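Everything quoted here is computed from the prediction, not taken from an experiment. Lettering follows sequence order; numbering is per chain, from 1.
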Protein chains: 2
Amino acid sequence: MKQGQGKPAADGECRESETAPDLELERFLPYRLSVLTNRVSRLMAREYESRYGIGVSEWRAMAVLGREAALSAGEVAERTSMDKVRVSRAVAALLHKGFVERRRDPVDQRVARLSLTARGEEVYRRVAALALAFEARLLAGFHAEERRRLFGFLERLDRRVLELGAEP
Amino acid sequence: MKQGQGKPAADGECRESETAPDLELERFLPYRLSVLTNRVSRLMAREYESRYGIGVSEWRAMAVLGREAALSAGEVAERTSMDKVRVSRAVAALLHKGFVERRRDPVDQRVARLSLTARGEEVYRRVAALALAFEARLLAGFHAEERRRLFGFLERLDRRVLELGAEP
DNA sequence: TTGACCTTGTTTCATGTGAAACTAAGTTTC
DNA sequence: GAAACTTAGTTTCACATGAAACAAGGTCAA
């Protein structure tokens, strides 16, 4: 099924810039990451979206507010790696659903202090449990050492991509 | 900066379902994958978008057509893990830009056989080279054994997520 | 050969996204 | 103390996404 009539890249000659780079998507890291990530996200989101009616952005905001209350929108953005627009919308939705409450910071009227409501806390606990269970199933075949290594790799790649993004 | 006033989860008691699961986004695999992937994709896409005016979907379609010509849209979808809507639009854009040509399959008039044009081939070669160079920079700190391990992990996770998605 | 069904690919529609413009509040400078 | 600047968060706009409806071709059975 492979190699319908691809480019075997001939052997000898190699006209001009016709180097025909050997790029196979299956072995290309950005592609593999993208496909895997989308599958993981979709599968997990499906669960809490259908059960609790919240999307990924909302869940991320709740996840940080569940551990640390009275954050500003900007702090939520930092901790979730989302931009401020996405946070703004996620928070608006959560306010509307009654999972988050907002009060203006008395010292600086521009910032809004965000916290989970009682209902929000409840949902947070459930979704957090769901999420951890999902992760556990995902990593079921990995023993402790492998998990460490996996996270180590992701950590290194993340640092690296930030470096590369900063340079040019 | 951490632990503004989070939930230290007390120590002894644990009312009702108040198990307060310990979910820290930084240590949560789906989140880590998502953030890393988005950074990688954005950074790389920026390069070829600005230079060659093609987006991620278009690039993926070209990547498979560059190795294997006369594919149907459905086959492109399979090989790129994109759905048929995305492929349809990517192909429409590539046709418009003159990077791809389409001819109806004489045997089955429903399917369209897609191939890169000469210009498409040229762009394919350049973007492929760009992509491979980018990947090389990304993996610069990984020696061969680590790369193998990394891809092995991704492979296992991918299989696992497909299993989990198929079950329920 | 005609009618029921399936398959390929496109279009519609409702939603999510982020860059840039914007509003409101705070700070600085002279 | 008021113009100039900065910062927090929202809104606008233009575009990407995917589920579902659709059109057009193909297959199968009676």
Side-chain angles (χ1 to χ4, degrees), chain A residues 34-35 37-39 41-46 48-50 53-61 64-65 70-97 100-115 165, chain B residues 34-35 37-39 41-46 48-50 53-61 64-65 70-97 100-115 165:
Chain A
S34 174
V35 171
T37 297
N38 287 333
R39 284 182 180 148
S41 291
R42 234 196 284 279
L43 187 55
M44 202 186 54
R46 218 169 59 192
Y48 58 74
E49 254 167 25
S50 60
I54 57 175
V56 176
S57 308
E58 293 159 62
W59 160 240
R60 282 199 194 164
V64 298
L65 290 173
L71 294 175
S72 70
E75 288 164 337
V76 171
E78 274 175 30
R79 287 162 176 69
T80 55
S81 302
M82 302 195 291
D83 64 283
K84 61 183 184 170
V85 178
R86 227 175 138 190
V87 170
S88 174
R89 286 195 265 243
V91 167
L94 291 170
L95 284 167
H96 181 69
K97 287 166 192 161
V100 157
E101 62 193 355
R102 164 166 62 180
R103 73 188 54 162
R104 292 214 156 292
D105 185 315
V107 177
D108 184 341
Q109 296 285 101
R110 289 172 308 178
V111 339
R113 293 287 150 197
L114 303 165
S115 303
Chain B
S34 174
V35 171
T37 297
N38 286 334
R39 284 182 180 149
S41 293
R42 233 196 286 277
L43 187 54
M44 204 186 52
R46 219 169 59 191
Y48 58 74
E49 254 167 24
S50 60
I54 57 175
V56 176
S57 308
E58 294 160 61
W59 160 239
R60 282 198 194 164
V64 298
L65 290 173
L71 294 175
S72 71
E75 288 165 336
V76 172
E78 274 175 29
R79 287 161 174 69
T80 55
S81 302
M82 302 195 291
D83 63 283
K84 61 182 183 170
V85 178
R86 230 177 136 188
V87 171
S88 174
R89 285 195 267 244
V91 168
L94 291 170
L95 284 167
H96 181 69
K97 286 167 191 160
V100 157
E101 62 194 357
R102 163 166 61 180
R103 74 188 52 160
R104 293 216 157 291
D105 184 315
V107 177
D108 184 340
Q109 298 283 102
R110 289 170 307 179
V111 339
R113 294 287 151 198
L114 302 165
S115 303

A.B. asks: Can you check the Glu58(B) CD to dA16(D) P distance for me, whole Å?
C.D. replies: 8 Å

A.B. asks: I'd like to know if Arg89(A) reaches the base of dG18(C) with its side chain such that a donor and an acceptor end up less than 3.5 angstrom apart.
C.D. replies: yes

A.B. asks: In whole angstroms, how far is the C1' atom of dA23(D) from the NZ atom of Lys84(B)?
C.D. replies: 12 Å

A.B. asks: Quick one: on DNA chain C, does Ala73(B) or Ser57(A) contact a more 5' nucleotide (nearest heavy atom)?
C.D. replies: Ala73(B)

A.B. asks: Let's see if you can work this out: which of dG9(D), dG9(C), dT17(C) has an atom nearest to the side-chain heavy atoms of Ser72(A)?
C.D. replies: dG9(D)

A.B. asks: Can you work out whether Ser88(A) or Arg110(A) has the more 5'-proximal nearest nucleotide on DNA chain D?
C.D. replies: Arg110(A)

A.B. asks: Would you classify Ala92(A) as touching base, sugar-phosphate or nothing, given that sugar-phosphate means primed atoms plus P, OP1 and OP2, and contacts are heavy atoms under 4.0 Å?
C.D. replies: nothing

A.B. asks: Taking any heavy-atom pair under 4.0 Å as a contact, classify Arg102(B): base, sugar-phosphate, or nothing.
C.D. replies: sugar-phosphate

A.B. asks: So what does Arg42(B) hit on the nucleic acid, given a heavy-atom distance under 4.0 Å: a base, only sugar-phosphate, or nothing?
C.D. replies: sugar-phosphate

A.B. asks: Rounded to whole Å, how long is the line connecting atom CG of Asn38(B) with atom C1' of dT17(D)?
C.D. replies: 14 Å

A.B. asks: For residues Arg60(B) and Val56(B), determine if any side-chain heavy atom of one lies less than 4.5 Å from a side-chain heavy atom of the other.
C.D. replies: yes

A.B. asks: Looking for any heavy atom pair under 4.0 Å, which part of the strands does Val111(A) touch: base, sugar-phosphate only, or nothing?
C.D. replies: sugar-phosphate

